Amino acid sequence: MSMQNEYNPKDIESRVQAAWEEQDAFKVSEDDGKEKFYCLEMFPYPSGKLHMGHVRNYTIGDVISRYQRMLGKNVLHPMGWDAFGLPAENAAIKNKTAPAPWTDANIENMRGQLKRLGFSYDWSRELATCKPEYYQWEQWFFTKLYERGLVYKKESEVNWDPVDQTVLANEQVIDGRGWRSGALVEKKKIPQWFIKITAYAEELLASLDELDGWPESVKTMQRNWIGKSVGAEVEFEVEGEPALRVFTTRPDTIYGVTYLAVAADHPLAIKAAESNSDIATFRKECAQTSTAEADLETMEKKGIDLGIKAIHPLTGEPVSIWCANFVLMSYGTGAVMAVPAHDERDYEFANKYGINIQPVIYPEEGHIDISENAYTDYGLLKNSGQFDGLGSEEAKKAITAWLVEHGRGEEKINYRLRDWGVSRQRYWGCPIPFIYDAQGNASPATEFPVELPTDVVMDGVGSPIKKMSSFIDTIHPETGEPAIRETDTFDTFFESSWYYARYCCPNLDTAMLDERADYWLPVDQYIGGIEHAVMHLLYARFFHKLMRDVGLIDSDEPFTRLLTQGMVTKETFYREGEGGSKEYFNPADVDLSLDDKGNVISAILKSDGSPVVVGAIEKMSKSKNNGVDPQSMIDKFGADTVRLFTMFAAPPEQSLEWNDDAIAGGSRFLKRVWNVFAKHQDLLAREGLDTRKKFSAVSKEAKSFRLTLHTILQRALFDYERQQFNTVVAATMELTNAIEKTDFKAMGEEGGKVLAEAACVLIKLLSPITPHLSEHLWSLYGSSDSLTSSGWLSVDHDALVRDEITYVVQVNGKLRAKIEVAADAIKEAIEAAALADENVQKFLDGVTVRKIIVVPNKLVNIVAN
RNA sequence: GCCCGGGUGGUGGAAUUGGUAGACACACAAGACUUAAAAUCUUGCGCUGGUAACAGCGUGCCGGUUCAAGUCCGGCCCCGGGCACCA
């Protein structure tokens with residue numbers, strides 16, 4: 001067999017992919033004779049085309065999957081579609097179509113792109129969350145949770161567009177206005193379904209400690225999100241009203257309370273507004289913000305005195321009650337106590353409105369200065385009655401004990417975590433399986449799926465099923481009376497919270513999961529964007545525990561090891577329309593002019609020749625339209641080059657600003673690999689490729705080459721294990737450089753063997769990254785075993801033994817010389833050799849040597865002055 | 001505002017975790033081949049000085065610990081992600 005002269009990726013890739021398809025190469029089933037490995041990447045939203053973020057995510061997953069297969073494991077590697085969501089509705093409105101066919105077409109297209117990239121998925125397990133075969137089980141599961149008392153309904157705030165008469169997502173609120181109407185958005189309360197994630201707060205927090213395979217940063221973010229704090233709930237009596245209860249982590253500061261603050265929709269504020277138009281106006285103003293926490297936290301802190309007094313539980317003094325825009329009714333009790341002397345936000349607020357500031361905590365030494373800032377540290381109590389002189393820690397306990405004893409409070413653990421609101425007033429989602437009788441009483445559906453009608457017309461205002469009597473009208477299963485269906489749909493995080501489990505038994509039509517789930521779960525390696533560090537990953541962990549408690553699975557956590565891939569970012573380009581709305585343009589449609597340092601001077605839209613604004617460098621996303629389409633690069637260079645370059649450009653966890661200039665270098669490298677094999681085809685055909693054959697080199701040249709080979713291999717294996725693939729690629733480049741520079745024929749008999757060993761290492765190291773090229777070369781020269789079953793690589797430690805070692809010599813920490821020392825030299829001999837060096841001597845002239853530090857196999861540092 | 005990351009040549013990045021800063025590439029420059037271009041190959045490439053050997057400086061900024069700091073500690077600045085209805 002002879003090799004073609006030119007590397008032709010298109011030809012190789014289509015042939016190798018056809019062979020995989022024909023052999024069902026990646027289809028797996030349960031096999032107790034092999035160690036299982038479940039590798040999963042976060043499934044994509046089918047937006048239409050793959051972007052570079054997808055390519056990066058799925059290449060990382062594929063490299064890990066193929067690496068694990070090479071190690072001999074039974075690898076499950078599935079793919080599917082997170083198919084419900086807002087963009088489908090917007091596209092449907094824009095294109096005058098329905099979300100379902102738009103989504104199906106996108107899936108079709110993106111599946112083709114994934115196949116073209118040669119990802120090793122078991123496609124027989126593919127699922128799409130918008131199909132009733134999938135979502136019927138989460139409907140069923142939701143009713144199970146309802147039976148267990150984990151589901152309830154309550155009023156909750158949404159962003160309301162008063163012009164379009166519709167609920168807006170936070171993303172659709174731009175500078176406080178609706179994105180389509182431009183109307184000022186209002187907060188509106190509507191009844192919505194919730195799941196009690198707070199009932200699992202303690203377990204979700206505690207089991208983070210056991211997730212050794214998760215990045216510390218993600219665990220910290222989740223801990224902070226759950227936000228456990230220990231403190232006290234304190235009761236302030238209000239004349240003629242129910243007492244106000246507030247939570248505080250600082251009961252030691254209670255003598256410093258100079259006001260209380262309640263939310264704008266707290267009953268006290270609502271009542272006060274009835275007789276005071278200023279308060280009514282203030283409440284209205286508070287309603288005109290978005291529900292996003294970032295907006296609430298950054299807006300100007302405002303308040304108004306309600307003119308009502310509470311009684312301080314310890315001093316008996318009256319304390320004024322304010323209504324403030326930063327207090328949330330939905331968080332805690334909707335009321336807080338304020339200690340301006342010892343809390344930054346309270347301090348600012350008190351200064352603004354001239355409220356008394358009463359210091360009660362003092363440092364043990366020195367004095368406090370609260371003329372500029374609050375004093376927020378712990379200290380000793382003063383002006384605190386019987387508690388004067390206690391330290392903060394003791395005082396917390398003593399004051400809480402006093403409150404308990406006098407029936408004015410209790411010790412309390414508070415979580416920042418709030419229950420999960422799962423209702424959405426949108427069409428393209430899974431219908432929430434509830435019905436209502438004539439009196440409005442809710443009861444769970446008894447038959448599944450509650451199917452979402454897909455033949456709809458989107459008018460841009462509200463969900464079409466909310467007006468569709470064929471969907472809404474039904475019969476109550478118990479009474480036989482007419483009833484109506486819930487028309488809200490689930491939050492799309494609902495679908496993505498359990499898909500990883502469904503891949504274990506995707507076509508099961510008699511249950512949500514079966515025993516196969518316990519064979520495969522937990523997922524051994526999960527890979528996805530760092531932007532999902534909290535919400536998606538927390539909901540999935542929660543769901544896993546719910547499924548366990550319903551008896552569907554027996555593990556506690558869904559993902560053993562987590563790799564949070566850095567974002568692929570890109571410049572954004574936009575034009576501002578009327579009312580502040582922005583129209584974003586894709587980087588591919590913009591011409592840039594750069595200065596000689598590579599900075600952008602101006603950006604022109606190709607289609608009309610007029611300038612666009614250069615925005616921030618941000619995560620590639622649909623909404624910012626800054627995704628780079630990888631298809632043109634696949635067409636031009638082939639899948640292996642795109643995969644190789646994506647891995648080479650940066651380590652997986654680091655964010656990557658996309659720049660497609662450098663990809664040609666990746667293509668050039670694979671051509672060089674091809675040429676190495678073509679050049680030596682006769683030798684390789686004779687020797688074959690098998691690293692399991694043991695041999696040791698005799699000639700100096702062969703020994704030296706094998707030292708290089710195994711040094712590189714050792715680093716590459718280490719980097720595979722720690723999942724730093726960019727340096728794996730660098731190692732294969734170094735190896736290729738070394739092979740090119742070596743004259744194997746000059747080594748005589750040994751040459752062919754040494755070359756074959758190196759070629760085999762090269763093919764195998766590359767195989768998870770550029771599987772098509774590796775498979776093809778293996779088919780030409782490899783053994784009769786398939787590449788995947790031919791075994792992984794190991795370092796020959798005998799090849800790493802050196803006679804001489806290079807030491808770096810420093811004088812006072814500065815590099816002055818390099819010396820060659822026999823590998824078995826004793827410390828004194830190394831020191832002597834270092835001191836004898838001419839350049840070292842130059843720097844020791846006129847000074848005294850105080851100390852010599854020898855780091856074995858590395859360096860000598862001579863300390864002198 | 002709060003929580004979590006990041007900042008190293010013209011560019012992407014490396015530094016086996018306190019021990020030679022800049023591996024491996026991209027870009028650029030010079031040369032070879034070619035009528036020419038592309039492709040390919042060779043060489044150079046942190047900054048300053050020097051023909052060179054070499055020397056001084058250098059990992060966002062300021063300070064500290066250490067024989068030795070990109071790496072550890074303290075204080076800042078800038079950039080990115082998330083903040084519960086984008087996914």
Side-chain angles (χ1 to χ4, degrees), chain A residues 42 44-45 47 82 84-87 158-159 167-173 215-218 220-221 223-225 227 290-299 301 326 330 344-345 417-421 423-426 491-493 496 529-536 538-539 564 566-567 569 596-598 616-619 621-623 645 648-651 653-657 659 661-666 668-669 671-672 675 714-715 718-719 722 724 726-727 729-734 737 806-810 812-815 818 839 842 850-853 855 858-859 861-864:
Chain A
M42 291 179 187
Y45 177 79
S47 54
D82 188 14
F84 277 137
L86 203 49
V158 292
N159 301 309
V167 177
L168 299 178
N170 281 338
E171 193 191 48
Q172 297 171 312
V173 180
E216 216 41 63
S217 59
V218 174
T220 305
M221 277 189 262
R223 279 188 197 105
N224 291 336
W225 184 268
S290 90
T291 57
E293 188 186 295
D295 294 336
L296 291 168
E297 290 284 329
T298 51
M299 73 187 175
K301 307 288 179 286
F326 55 84
S330 52
E344 234 21 273
R345 188 180 63 191
L417 182 69
R418 308 200 292 262
D419 276 339
W420 181 10
S423 296
R424 298 292 180 270
Q425 295 67 49
R426 292 185 219 301
D491 177 4
T492 56
F493 276 124
S496 57
I530 183 67
E531 66 271 28
H532 296 292
V534 176
M535 303 192 65
H536 161 62
L538 189 66
Y539 289 137
T564 47
M567 275 144 317
T569 59
D596 47 5
K597 283 194 171 169
I617 294 163
E618 294 186 70
K619 174 182 83 169
S621 71
K622 189 100 181 140
S623 60
F645 180 65
F648 184 54
E653 307 214 89
Q654 197 166 309
S655 73
L656 168 61
E657 190 190 331
N659 173 352
D661 286 349
I663 190 168
R668 211 148 46 212
F669 167 64
K671 270 181 211 159
R672 282 173 46 217
N675 291 340
Q714 188 171 40
R715 273 186 5 234
F718 178 78
D719 289 341
R722 63 169 173 163
Q724 186 172 290
N726 56 326
T727 47
V729 175
T732 63
M733 288 173 171
E734 280 181 70
N737 291 343
T806 307
Y807 274 77
V808 162
V809 185
Q810 299 178 331
N812 291 328
K814 293 208 172 189
L815 176 67
K818 289 181 187 180
N839 203 44
K842 229 164 67 189
R850 305 286 174 192
K851 198 170 162 190
I852 302 178
I853 290 145
V855 181
K858 282 223 170 78
L859 64 74
N861 189 13
I862 300 165
V863 186

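Within every chain, numbering begins at 1; the chains are lettered A, B, ... in the order of the sequence lines, protein sequences first and strands thereafter. Please read these numbers as outputs of a predicted model, since none were measured by experiment.
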Short side-chain N/O contact to rA25(B) OP1/OP2 from Arg668(A), under 4.0 Å: no

Discussion item. So Ile663(A), base contact, sugar-phosphate only, or nothing? Heavy-atom distance under 4.0 Å.
Written reply: nothing

- Message: Taking rA25(B) as the reference, what is the distance to rG44(B) when you measure between their P atoms (whole Å, please)?
- Response: 14 Å

With no hydrogens and no angle check, do the side chains of Ser290(A) and Asn170(A) hold a donor and an acceptor under 3.5 Å apart? no

Separation of rC4(B) atom C1' from Glu216(A) atom CD, nearest Å, is 12 Å

- Verify the contact: side-chain N or O of Lys814(A) to OP1 or OP2 of rC54(B), cut-off strictly under 4.0 Å; return yes or no. no

Quantified in whole Å, what is the C1' atom distance between nucleotide rG1(B) and nucleotide rG10(B)?
-> 38 Å

*For rC28(B) versus rU65(B), give the span between their C1' atoms, rounded off to a whole number of Å.*
42 Å

Check every strand shown and say whether Ala169(A) touches a base, only sugar-phosphate, or nothing at a heavy-atom separation below 4.0 Å. base

Check your understanding: For Val729(A), which contact category applies under a 4.0 Å heavy-atom criterion: base, sugar-phosphate, or nothing?
Key -> nothing

When rounded to whole Å, the NE2 to P distance for the pair His532(A) and rG82(B) reads 9 Å

rA25(B) phosphate, OP1 or OP2, under 4.0 Å from Asn737(A) side-chain N/O:
yes

Leu538(A) atom CG is separated from rG82(B) atom P, nearest whole Å, by 16 Å

Which is true for Thr298(A) with a 4.0 Å heavy-atom rule: it touches a base, it touches only sugar-phosphate, or it touches nothing?
base

Applying the Watson-Crick and G-U criteria (both distances under 3.5 angstrom) with [ ] for crossing and | for other-strand pairs, one obtains for RNA chain B (((((((..(((......[....))).(((((.......))))).((((....))))..(((((..]....))))))))))))....

| message | Between rU71(B) and rG7(B), how many Å separate the two C1' atoms, rounded to a whole number? | response | 14 Å

In 5'-to-3' order, the base (B), backbone-only (S) or no-contact (-) status of each nucleotide in nucleotides 12-21 of chain B, using a 4.0 angstrom heavy-atom cut-off, is BSSSSB-BB-

Margin query: Applying a 4.0 Å non-hydrogen cut-off, can you work out what Glu653(A) is touching in the nucleic acid: base, sugar-phosphate, or nothing?
Written below: nothing

### Query
So what does Phe669(A) hit on the nucleic acid, given a heavy-atom distance under 4.0 Å: a base, only sugar-phosphate, or nothing?
nothing

Could you tell me whether Ala731(A) contacts a base, only the sugar-phosphate backbone, or nothing, with contacts defined as non-hydrogen atoms closer than 4.0 Å?
nothing

| request: Check every strand shown and say whether Trp420(A) touches a base, only sugar-phosphate, or nothing at a heavy-atom separation below 4.0 Å. | output: nothing

